[in-house]
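Taking it in order: structure first as structure tokens, then the write-up.
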Amino acid sequence: MTRKMRGATAVALGATVALLAGACAGQGTADQETTDGETTAEGGDSTVEWWHNSNTGEGKVYYDQVAADFEEANPGVTVQVEAMQHEDMLTKLQAAMQAGSGIPDVFMSRGGGELQNDVDAGLLRDLTEDASGTVETISAFTGQYTVDDGVYALPFSMGLVGFWYNMDLFEEAGITDVSDNPTIDEFYGYIDQLKAAGVDPLSVGAGDKWPAAHYWYYGVVRECEFETVEAAIESGDYSDECFLQAGENVQDIIAKEPFNPGFLATGAQEGPTSASGLLASERVGMELAGHWEPGVVGGLREDEQVPDWLGWFAFPTFPGQAGEPSDQMGGGDAWAVSNDAPDAAVDFAEYLLSDEVQTGFAELDMGLPTNPAATGSVANETLAQLIPVRDGGGETQLYLDTRLGQSVGNAMNDEIALMFAGEAGPQDVVDAIEEAAAAQG
């Protein structure tokens, strides 16, 4: 999510969500003691500033109620809620992190290199002991939020990227047998049949770069062994041929001309002309997006409901690929706590991972919860089908811009966007990553 909603990145039923959170100054100093979500303030009142991106629809209403419930259970604590459009929030959070000030008390982290940088700068609170009960509950998902054996953020949603598609438009185009795990030839067949029916096959928010970059990330997941990717990230050496093959696969997809008109300037998620807006208004057949997409699509529809025509399938596989077919690309959204935040902020972050809040989160299809008590409560059947895929044993490669950190990730995304514009090739992407990694040291 430079995400991204992912970012990333960020996802509520009837909400323009992508589940990422942003930035603002923290304040408050009171010590807190928590028992079953109830806190007794000692030494004065305390304010917890909380930034999130569920800024419309039922998602915003739900999070406002979550904050109010916490305040009621914790006299003397005020939760200052700021709900922002996703990209705006990311911009403000990045600025605060770079400045080392103005950081919110509780905010979204995407893990990976971004988290490592924030920890190295001394900006985040180690939650390993302070939130030990919650860390134990969600331990299966804390790996990408762990630095030197310390857990620095509490993942509340972990999901996958794949193709969300309009089942009605597919049927009208004569596509009646859609595989959950298509081959690239089957995927090309979908594109050809949609075109023949007069439907733009795909929308992509290339104007925001990261949605286009997802295609290359997934090409890497398919063409490279997981260990090869990890070794390249560690060494900065991307000379393995699989990285070039990933780019060539993306070029082949681009050559099919499957995207919406003006895709190079199309935004990701905001408004009816965004990539998600085109899917929501039934003007394209499908979009590559993460687990947040049902909420985003619902929030962009007049009735603010997730449509019953929304389906999902995995990114296609390629002949002779080195990556395991069960491997996926995705990531999570986690609540981090500023190092300067009051103790009440830790209590609040734990409350956001409680059985109660995570169950409500799941019932509104805001994402894929990490608390095992809530995973069976996802209301939307299409979204729920991602849970067994997520938990099915394959490796999930974190969004590569997040995994690599901002400086390398941005250079990579910029070059991939140029490839979509026909101004760069597979080798240019590899060169951009290696040069940025070398400059970072």
- Yes or no on salt bridge (Lys or Arg N to Asp or Glu O under 4.0 Å) for Lys92 and Asp88, after CA distance, side-chain angles and deciding distance? CA-CA 6 Å; Lys92 290 193 174 184; Asp88 291 342; over 6 Å; no
- Working for salt bridge (Lys or Arg N to Asp or Glu O under 4.0 Å), residues Arg283 and Asp200: CA-CA 7 Å; Arg283 286 180 282 174; Asp200 291 327; over 6 Å; no
- Name the orientation class of the two ring planes belonging to Tyr351 and Phe348 (parallel below 30°, tilted from 30 to 60°, perpendicular beyond 60°). tilted
- Query: Just wondering, more than 12 heavy atoms not from Asp149 lying within 6.0 Å of its CG?
  - Reply: no
- Mind running side-chain contact (heavy atoms from CB on, under 4.5 Å) on Glu223 and Phe318 for me, showing each step along the way? CA-CA 8 Å; Glu223 293 294 346; Phe318 297 82; 3.4 Å; yes
- Note on the structure: ring pair (Phe, Tyr, Trp, His ring centres under 6.0 Å) test vs Tyr165 passes for just one of Phe187, Tyr190, Phe313, namely Phe313
Would you give me the side-chain donor-acceptor pairs under 3.5 Å for residues 434-441, sequence neighbours excluded?
from, atom 1, to, atom 2, distance (Å)
Glu434, OE2, Tyr238, N, 2.8
Gln440, OE1, Ser407, OG, 2.7

- Task: Give a yes-or-no answer on whether the side chains of Thr128 and Asp126 include a donor-acceptor pair shorter than 3.5 Å.
- Result: yes
- Determine the interplanar angle of the Phe243 and Trp216 rings, folded into 0 to 90°, and report it as parallel if under 30°, tilted if 30 to 60°, perpendicular if over 60°. parallel
- Flag side-chain contact, heavy atom, 4.5 Å: Leu279 against Leu310: yes
- Query: Do other residues, nucleotides or ligands put more than 12 heavy atoms under 6.0 Å from the CD atom of Glu282?
  - Reply: yes
- Passes side-chain contact (heavy atoms from CB on, under 4.5 Å), Gln397 versus Tyr217? Steps please. CA-CA 9 Å; Gln397 180 59 257; Tyr217 303 171; over 6 Å; no
- Could you check if a side-chain atom of Phe420 sits within less than 4.5 angstrom of a side-chain atom of Val250, using non-hydrogen atoms only? yes
- Item | Any donor-acceptor pair under 3.5 Å from Ser157 side chain to Leu368 backbone | yes
- Does Phe156 offer a backbone N or O that forms a donor-acceptor pair with the side chain of Gln358 under 3.5 Å? yes
- Message: Between Arg222 and Gln321 (side chain of the first, backbone of the second, donor and acceptor by atom type, cut-off under 3.5 Å), is there such a pair?
- Response: no
- Identify, with sequence neighbours excluded, every residue that meets side chain to side chain contact (heavy atoms under 4.5 Å, CB included) alongside Leu418. Glu415, Glu423, Ala424
- Query: Which residues pass the side chain to side chain donor-acceptor pair (under 3.5 Å) test with Asn181, sequence neighbours left out?
  - Reply: none
- Query: Is there a donor-acceptor contact under 3.5 Å linking the side chains of Thr266 and Asn260?
  - Reply: yes
- Item | N/O donor-acceptor pair under 3.5 Å between Ser276 side chain and Gln269 backbone | no
- Indicate yes or no for a side-chain donor-acceptor contact from Asp355 to the backbone of Ala373 under 3.5 Å, with no hydrogens or angles considered. no
- Message: Using side-chain heavy atoms (C-beta onward) and a distance below 4.5 Å, is Phe361 in contact with Leu352?
- Response: no
- Message: Before you tell me yes or no, could you show the steps for Met286 and Leu169 under side-chain contact (heavy atoms from CB on, under 4.5 Å), namely the whole-Å CA-CA distance, both residues' side-chain angles and the distance that decides it to 0.1 Å?
- Response: CA-CA 9 Å; Met286 51 184 162; Leu169 290 181; over 6 Å; no
- Please say which of Val221, Leu400, Leu398 ends up in a side-chain contact (heavy atoms from CB on, under 4.5 Å) with Met329. Val221
- Task: Answer yes or no: does atom CD of Gln65 have more than 12 heavy-atom neighbours from other residues, nucleotides or ligands under 6.0 Å?
- Result: yes
- ring pair (Phe, Tyr, Trp, His ring centres under 6.0 Å) with Trp335: which of Trp51, Phe107, Trp50, Tyr152? Trp50
